[in-house]
Amino acid sequence: VKVEERLFQNRYLVDAGRPHIRIKPHTEPSKALMALTHLCPAGCYSQNDKGQVEAVVDGCVECGTCRVLTAKTGEVEWNYPRGGFGVLFKFG
Ligand code: SF4
């Protein structure tokens, strides 16, 4: 089974207006933020037309990659979703 097919099995409850991950405002994205546009397994990170990196965290699987990658710089504010929200894994 492909990773995409496995991800499709998950369900996600969006906590509207309260994203659990926020990127600090920036003009030029760092290498770490740019890397996340390729590394996030759920494709949450992308570059906008101004060159800044944005995160749409609906579908985040809480893998922690972005948290670890930006741990030293603090560019990403990362919290677990509130109880009941976020990813619901169907298969372990
Ligand atoms: Fe993507 Fe993982 Fe960060 Fe969620 S925790 S936004 S899935 S890299």
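Sequence positions, counted from 1, serve as the residue numbers for this chain. Numbering of ligands and ligand atoms starts at 1, following listing order.
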Task: Closest non-hydrogen atom pair between Gly84 and Leu13, with its separation - done: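 In terms of heavy atoms, the two residues are closest at O-CD2, 3.1 Å.
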- [ ] List the atom of Glu75, the atom of Ala32, and the distance in Å for their closest heavy-atom pair.
- [x]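 In this case the closest contact between Glu75 and Ala32 is OE1-CB, 4.0 Å.
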So, does [X] use its side chain to make a donor-acceptor pair with the main chain of [Y] at under 3.5 Å?
{"X": "Tyr45", "Y": "Ala35", "answer": "no"}
{"X": "His26", "Y": "Val53", "answer": "yes"}
{"X": "Thr70", "Y": "Thr73", "answer": "no"}

Task: Residue and atom, protein N/O/S, under 2.8 Å of atom 1 (Fe) of ligand 1 - done: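 Listed by chain and number: Cys40 SG.
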Task: Subset of ligand 1 atoms that lie under 4.0 Å from at least one heavy atom of Gly64 - done: 2 (Fe), 5 (S)
Task: Check: Val3 and Pro41 side chains under 4.5 Å, non-hydrogen atoms - done: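 No. Closest side-chain heavy atoms not under 4.5 Å.
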